[in-house]
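Single-structure report; data block below.
Below, all heavy atoms of this structure are taken into account, side chains as well, without hydrogens, waters or symmetry copies. Keep in mind that what you see is a predicted model, and the values were worked out from it rather than measured.
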Amino acid sequence: MRRFFVVLMLLAGVVVGVVGFSASDVDEVSNEPLPTLPATTSEPPPTSSPPPVLTAPIVLATTTTTTTTTTPPFSGWVDPLSIGQPWGDTVSGVLTFRGSPTRRWHGEGPVPQDPERAWRFPADRAMCSTSSVFGVDEQWCGMGWTGQPAIFERREVTWLVFGAYDAKVHFLNAETGERLLPDFVTGDIIKGSVTVDPDGFPLVYTGSRDNYLRVLGIDGSEAVELWRLHAYDVSPTKWNNDWDSAPLVIDDYLFAGGENSRFHIIKLNRGYDTEGRVTVDPELLWDFAGWDDQLISAVGSNVSIEMSPLILGDVLYFANSGGLVQGWDISGLKDGVEPQRVFRFWAGDDVDASIVPDDEGFLYVGVEYERSTNRSKEVGQIIKLDPRKPEDPVVWSVHDRPYVNSGVWATPAIYEDLVIVPTDQGLVHGIDRATGEIRWSLDLPGPTWSSPTIVDGVMVMGDCSGRVRAFDVSDTSRKPPELWQVATGACVESSVTVWKGSVYSGSRDGFLYAWRDLVLADEPG
């Protein structure tokens, strides 16, 4: 009964009353009391330019107060009732990281039961190139965080599109692993996940570490760059010029965060020319800082946006490497109204994992532990937030920070009454969404940066032993048994894609793999 969650939450207040964040709550990992968060410690010290009072409404779902059984169509950006559903019905596939604007569409089964390697790409030489890290050249191979391949059906062919550490975007036949188009070459490695146009335009949206966000046309014999935006085409900026975040496209608007620490909203003006070739004529409508003075005072200039944004109702959510979780009201965007921030929460440390909403509108945030700030020690590394209570949003939190540079890189996954969260140190926690209690934990070879993909009650994810593993999570009350595992040659940091009997996974060994039940696939019928 997702349709009535707003009424239930606002009128009854039952869930928040049961699991409220208070000094009497107990940390599930360290067993230390969770501290209260008074106003003097819940934010960085105020500066001369405090953030605005957050009074704009947060629209989470449609509802009705009449007795009729008919609900008007949702008129905003993303209907919250679409959580867990495919990204529309125009293009079939997993079109972006976590598949939809709410980052809650994981793919379509069946999940293979006893998979074998169907193919490996490339067939010969690994995907490798050199990239500079703080002025030192390093070789990067394969695919890393987040690196989830996009898959979609087009003209009776299943396409697999992904960027890799060879600084190229690849376009493959998902059935055979053969190229559909020549590789598109960028100037540096690609870490994030590409996005495929959800409205049927033959367009792919991708970032790269070469400073550019691009729109590629794929309706010819090769991919063509139709437009690009340099990270320093806007100002002021912070940190650097990479593009790791997977963009969103809704109603001809492109939403993209950058490691320039700004968020960008672009009107694409998609169309076709007289010869029937796809065109775009982008216009940068808004770009705004992902930081404020309070955040810079607390953590400095490392406030890049690496996580993939989500939209729920009329609110755009994203976070940054300074730990600032934000919601921006975009309800008036099409009428020229500038987005306004309506939610602000400081988690104390780097948030690179994408925020994930549940069916009731709560948000789940995974936080890294790098800076050892007092704030990160207060609020923990796995946090449930209620954006309808911006002054006191913490419902519960879990502390899991065994050492500096631990915490959470992978994006949480929601299944039934659980939120499942891998940690850098290799633990994968199944946490009761209502209480914050850790119900079970898996111990895998870390770091586990691969975000879990759950389809038909089966969780598939990679670990740093080079394996992709499947677990049966259908019974959420028990520790999930392992169903199968397959091996690559190095750490699997990237997130896997599950689609109609196949699993696709990139590895740091330099290759992308397709796994499926080959015997079943060869049987007639």
Side-chain angles (χ1 to χ4, degrees), residues 96-97 129-135 137-138 140 144-147 161-170 183-197 201 203-218 222-249 252-270 278-291 296 301-309 316 318-322 328 333 338-339 352:
T96 188
F97 177 71
S129 66
T130 299
S131 187
S132 177
V133 180
F134 297 114
D137 288 344
E138 297 181 6
W140 299 63
W145 182 97
T146 55
V161 181
F162 59 95
Y165 285 167
D166 59 353
K168 300 174 183 176
V169 182
H170 301 277
D183 306 333
F184 180 87
V185 180
T186 71
D188 208 331
I189 65 173
I190 300 172
K191 293 174 62 180
S193 302
V194 306
T195 296
V196 173
D197 192 279
F201 289 90
L203 297 170
V204 171
Y205 309 87
T206 181
S208 171
R209 212 175 191 182
D210 70 354
N211 310 341
Y212 289 102
L213 173 69
R214 290 178 170 88
V215 181
L216 306 180
I218 60 169
E222 61 182 8
V224 177
E225 180 184 286
L226 301 179
W227 177 82
R228 64 182 183 179
L229 177 70
H230 194 286
Y232 297 155
D233 284 343
V234 298
S235 64
T237 63
K238 300 285 186 183
W239 199 234
N240 66 30
N241 46 28
D242 301 350
W243 298 86
D244 289 352
S245 174
L248 291 176
V249 175
D252 204 39
Y253 291 80
L254 175 68
F255 300 86
E259 290 200 47
N260 60 3
S261 308
R262 301 189 70 82
F263 202 91
H264 315 78
I265 302 178
I266 298 143
K267 183 70 165 64
L268 290 168
N269 298 308
R270 298 165 298 176
V278 69
T279 62
V280 294
D281 185 17
E283 175 187 2
L284 180 62
L285 298 181
W286 304 104
D287 68 280
F288 48 88
W291 71 88
I296 299 300
S301 63
N302 184 357
V303 291
S304 63
I305 302 171
E306 297 185 53
M307 58 87 71
S308 298
L316 163 73
F318 63 91
N320 65 24
S321 295
W328 288 72
L333 182 64
E338 184 174 359
D352 285 340

Using distance only, find each side-chain donor-acceptor pair of residues 253-267 under 3.5 Å and give its atom names and separation, not counting sequence neighbours.
{"residue": "Glu259", "atom": "OE1", "partner": "Asn240", "partner atom": "ND2", "Å": "3.2"}
{"residue": "Asn260", "atom": "OD1", "partner": "Arg262", "partner atom": "N", "Å": "3.0"}
{"residue": "Asn260", "atom": "ND2", "partner": "Ala231", "partner atom": "O", "Å": "2.9"}
{"residue": "Asn260", "atom": "ND2", "partner": "His264", "partner atom": "NE2", "Å": "3.2"}
{"residue": "Ser261", "atom": "OG", "partner": "Lys238", "partner atom": "O", "Å": "3.2"}
{"residue": "Ser261", "atom": "OG", "partner": "Val303", "partner atom": "O", "Å": "3.2"}
{"residue": "Arg262", "atom": "NE", "partner": "Asp287", "partner atom": "OD2", "Å": "2.7"}
{"residue": "Arg262", "atom": "NH1", "partner": "Pro236", "partner atom": "O", "Å": "2.7"}
{"residue": "Arg262", "atom": "NH2", "partner": "Asp287", "partner atom": "O", "Å": "3.1"}
{"residue": "Arg262", "atom": "NH2", "partner": "Asp287", "partner atom": "OD2", "Å": "3.2"}
{"residue": "His264", "atom": "ND1", "partner": "Ala256", "partner atom": "O", "Å": "3.0"}
{"residue": "His264", "atom": "ND1", "partner": "Arg262", "partner atom": "O", "Å": "3.4"}
{"residue": "Lys267", "atom": "NZ", "partner": "Asp252", "partner atom": "OD2", "Å": "2.5"}
{"residue": "Lys267", "atom": "NZ", "partner": "Asn269", "partner atom": "OD1", "Å": "3.2"}

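Not counting sequence neighbours, the partners of Asp244 by the salt bridge (charged side-chain N to carboxylate O under 4.0 Å, His left out) test are Lys191. Every residue was checked against the salt bridge (charged side-chain N to carboxylate O under 4.0 Å, His left out) condition with Asp166, not counting sequence neighbours, and none meets it. By the side-chain contact (heavy atoms from CB on, under 4.5 Å) test, Ser131 pairs with Trp140, Asp188, Ile189, Arg209, sequence neighbours left out. Scanning for side-chain hydrogen bond (donor to acceptor under 3.5 Å, both in side chains) contacts around Arg214 gives Asp210, Glu225, with sequence neighbours left out. Residues passing the side-chain hydrogen bond (donor to acceptor under 3.5 Å, both in side chains) test with Thr146, sequence neighbours excluded: Ser193.
The line from CG of Asp242 to CG of Asn211 is 7.5 Å long, rounded to the nearest 0.5 Å. Between the CD atom of Glu283 and the CH2 atom of Trp227 there is a distance of 11.0 Å, given to the nearest 0.5 Å. Atoms CZ and CD1, from Phe162 and Ile190 in turn, are 10.0 Å apart once rounded to the nearest 0.5 Å. We find the CG-CH2 distance between Asn320 and Trp291 to be 10.0 Å, quoted to the nearest 0.5 Å.
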Q: Verify side chain to side chain contact (heavy atoms under 4.5 Å, CB included) between Phe184 and Ile218, making sure each step is shown before the conclusion.
A: CA-CA 10 Å; Phe184 180 87; Ile218 60 169; over 6 Å; no
Q) Is there a side chain to side chain contact (heavy atoms under 4.5 Å, CB included) between Phe201 and Leu268 once you walk through the steps? A) CA-CA 11 Å; Phe201 289 90; Leu268 290 168; over 6 Å; no
Q. Where do Tyr212 and Thr186 land on the side chain to side chain contact (heavy atoms under 4.5 Å, CB included) test, with the steps shown first?
A. CA-CA 9 Å; Tyr212 289 102; Thr186 71; over 6 Å; no
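Only one option out of Thr206, Val280, Val194 pairs with Leu216 in a side-chain contact (heavy atoms from CB on, under 4.5 Å); it is Thr206.
For Trp328 against Ala289, the heavy-atom pair with the smallest separation is CZ2-O, 4.2 Å. Leu316 and Pro309 get closest at one heavy-atom pair: CD1-CB, 4.0 Å.
Remark: the backbone N or O of Met307 is paired with a side-chain donor or acceptor of Ser245 at under 3.5 angstrom.
Aromatic ring orientation, Phe134 versus Trp239: perpendicular (interplanar angle above 60°, classes split at 30° and 60°).
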